[in-house]
Amino acid sequence: MPKPRCTLISLAATPYYHIVCRCVRRAFLCGEDSVTGRSFEHRRTWIQDRLFALAEIFAVDVCAYSATSNHYHLVLHIDRETAESWTAREVIERWHELFAGNSLNQRYINGADLIAAELTTVDTLVDLWHKRLMDISWFMRRMNESIARDANVEDNCTGRFWEGRFKSQALLDEAALMACMAYIDLNPVRASMAKTPEDSGFTSIQERSKKAKTAHTPNEKNQQPKRLMPPADHSR
C-alpha cells in the first residue's frame with residue numbers, strides 16, 4: 001500500500017528529492033514508435049518548458065532532468081529560504097499564475113481598504129498558498145496535469161496518461177545527491193538514446209556542458225546555466 005506523501009517528503013530531513021514519472025501501459029512520452037513511425041520527440045520540449053516555467057513560480061530549484069520514451073527523471077530542491085522571503089503580495093501573484101484569483105485577493109493587491117474579517121481571510125489563503133508553493137506534490141500536480149492534457153489531445157483519447165502518482169526518493173546526503181544526478185545524466189546513454197551525455201538532447205547535462213564551453217576560465221561563477229541549480233549550491 002502506498003505511503004502518504006507527507007511521510008516521503010520532509011524538509012526537516014532534506015530539501016532534495018529524486019522524482020520519477022512513468023506513462024501508463026505502453027504510452028509514449030518521448031521517442032519514436034518503431035511500429036507506426038510516429039515521433040513523439042517534440043514532447044521533450046513540453047517537459048522542459050513546463051518544468052522551468054513552474055520553477056519560476058514555485059520555490060523549487062531544478063538540479064537535474066532527463067526523459068526517455070515512457071518516463072522522466074528530476075532532481076528537485078525545495079528552496080525554503082527564498083519562499084520565506086516572499087511578501088503576501090508575492091505569494092498571491094505567484095499563485096494567480098497557476099490558478100484564477102478571486103475578487104478579494106485582487107482588491108488586496110490593488111491596495112483597497114479591507115475590513116478585519118477580509119484581512120483574516122486573505123492571511124489564511126496566503127498561508128495556505130505559501131505552503132503549497134514550496135510543496136513538490138503541488139509542483140508535480142501542475143507539471144503532470146499539463147503534459148497529460150496535451151498528450152491526450154494530441155493522441156485523441158481520454159483517461160489516464162500517467163501510471164500513477166509520481167515516485168519520490170529523499171536524497172539525504174551529498175553522496176546520494178551527486179550519485180542520483182549522475183544516474184539521471186547518464187540515463188539517455190544507458191537507453192542508447194545518445195552516445196555521450198553531452199549529445200543527449202533536452203537534458204540538464206547537455207545544458208551544463210554547453211554553458212561550460214563558453215566559460216573563459218574553469219569553475220567560474222557564470223559557468224553554469226542560471227536556471228539550473230549550480231553544483232556549488234548543493235550544500236544548502
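All heavy atoms count here, side chains included; hydrogens, waters and symmetry mates do not.
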Please confirm whether the backbone N or O of C157 pairs with a side-chain atom of D155, one donor and one acceptor, at under 3.5 Å? no

Hydrophobic cluster membership, V189 vs M181, 4.5 Å side-chain cutoff: no

Parallel, tilted or perpendicular: which describes the rings of H42 and F40, with under 30° parallel and over 60° perpendicular? parallel

How many angstroms lie between atom CG of L114 and atom CG of L104, to the nearest 0.5 angstrom? 6.0 Å

Do the side-chain N and O atoms of Y65 and Q48 include a donor-acceptor pair separated by under 3.5 angstrom? yes

Examine distances only and state if a side-chain atom of R89 and a backbone atom of I109 form a donor-acceptor pair shorter than 3.5 Å. yes

Separation of M143 CE from L76 CG (nearest 0.5 Å): 9.0 Å

Could you pull out the closest heavy-atom pair between M134 and A59, with the gap in Å? CB-CB, 4.0 Å

Between G31 and R44 the two heavy atoms that sit nearest each other are N-NH2, 3.9 Å

Measure the CG-CG distance between N105 and L125 for me, rounded to the nearest 0.5 Å. 5.5 Å

Report yes if some heavy atom in the side chain of S66 is under 4.5 Å from a heavy atom in the side chain of P188; otherwise report no. yes

Start with the C-alpha distance between Y72 and V20, add both sets of side-chain angles, then the distance that settles side chain to side chain contact (heavy atoms under 4.5 Å, CB included), and finish with yes or no. CA-CA 6 Å; Y72 71 88; V20 183; over 6 Å; no

Are D135 and K131 close enough for a salt bridge, meaning some N to O gap below 4.0 Å? no

Trace of the side chain to side chain donor-acceptor pair (under 3.5 Å) decision for D33 with T36: CA-CA 6 Å; D33 187 342; T36 65; 3.2 Å; yes

Indicate whether the side chain of R107 and that of N110 have a donor and an acceptor atom separated by less than 3.5 Å. no

S200 and T203: side-chain donor and acceptor closer than 3.5 Å? yes

Working for salt bridge (charged side-chain N to carboxylate O under 4.0 Å, His left out), residues R43 and E154: CA-CA 11 Å; R43 292 182 179 176; E154 188 174 74; 2.8 Å; yes

Checking side chain to side chain contact (heavy atoms under 4.5 Å, CB included) for the pair V122/I92: CA distance, chi angles, key distance, verdict? CA-CA 9 Å; V122 170; I92 293 172; 4.2 Å; yes

Any chance you could lay out the side chain to side chain contact (heavy atoms under 4.5 Å, CB included) test for F202 and T45, step after step, and finish with the verdict? CA-CA 7 Å; F202 297 96; T45 305; 3.5 Å; yes

Can D123 and T120 be counted as having a side-chain donor-acceptor contact under 3.5 angstrom? no

Are the side chain of R149 and the backbone N or O of N152 linked by a donor-acceptor pair below 3.5 Å? no

Give a yes or no on whether the backbone of I57 and the side-chain of R94 come within a donor-acceptor separation of less than 3.5 Å. yes

Does H77 reach the main-chain N or O of C63 with its side chain, forming a donor-acceptor pair under 3.5 Å? no

How many angstroms lie between NE2 in H71 and OG in S69, if you round to the nearest 0.5 Å? 8.0 Å

Below 4.0 angstrom, N of the basic side chain to O of the carboxylate: do E56 and R227 qualify? no

Apply the test side chain to side chain contact (heavy atoms under 4.5 Å, CB included) to residues Q106 and H96: give CA-CA distance (whole Å), side-chain angles for both, the deciding distance (0.1 Å), then the verdict. CA-CA 10 Å; Q106 292 295 344; H96 285 182; 3.5 Å; yes

Once the angle between the rings of W95 and W129 is folded into 0 to 90°, is it parallel (under 30°), tilted (30 to 60°) or perpendicular (over 60°)? parallel

State whether the side chain of E90 and the backbone N or O of T87 hold a donor-acceptor pair below 3.5 Å, judged by distance alone. yes

Could you state the interatomic distance from CD1 (I19) to CD (Q169), rounded to the nearest 0.5 Å? 9.5 Å

Do the side chain of S209 and the main chain of I205 share a donor and acceptor less than 3.5 angstrom apart? yes

Does T14 use its side chain to pair, donor to acceptor, with the backbone of L171 at less than 3.5 Å? yes

Should the pair H73 and H18 be assigned to parallel (<30°), tilted (30 to 60°) or perpendicular (>60°) ring geometry? parallel

Flag for S204-D185: side-chain donor and acceptor within less than 3.5 Å: yes

For the ring pair F139 and Y17, is the centre-to-centre distance below 6.0 Å? no

Test your reading of the model: is there a side-chain donor-acceptor pair from T82 to the backbone of D79, 3.5 Å cut-off? no

Under 3.5 Å, is there a donor-acceptor pair between the side chain of W162 and the main chain of N144? yes

Here the gap from F58 atom CZ to L133 atom CG, rounded to the nearest 0.5 Å, amounts to 5.5 Å

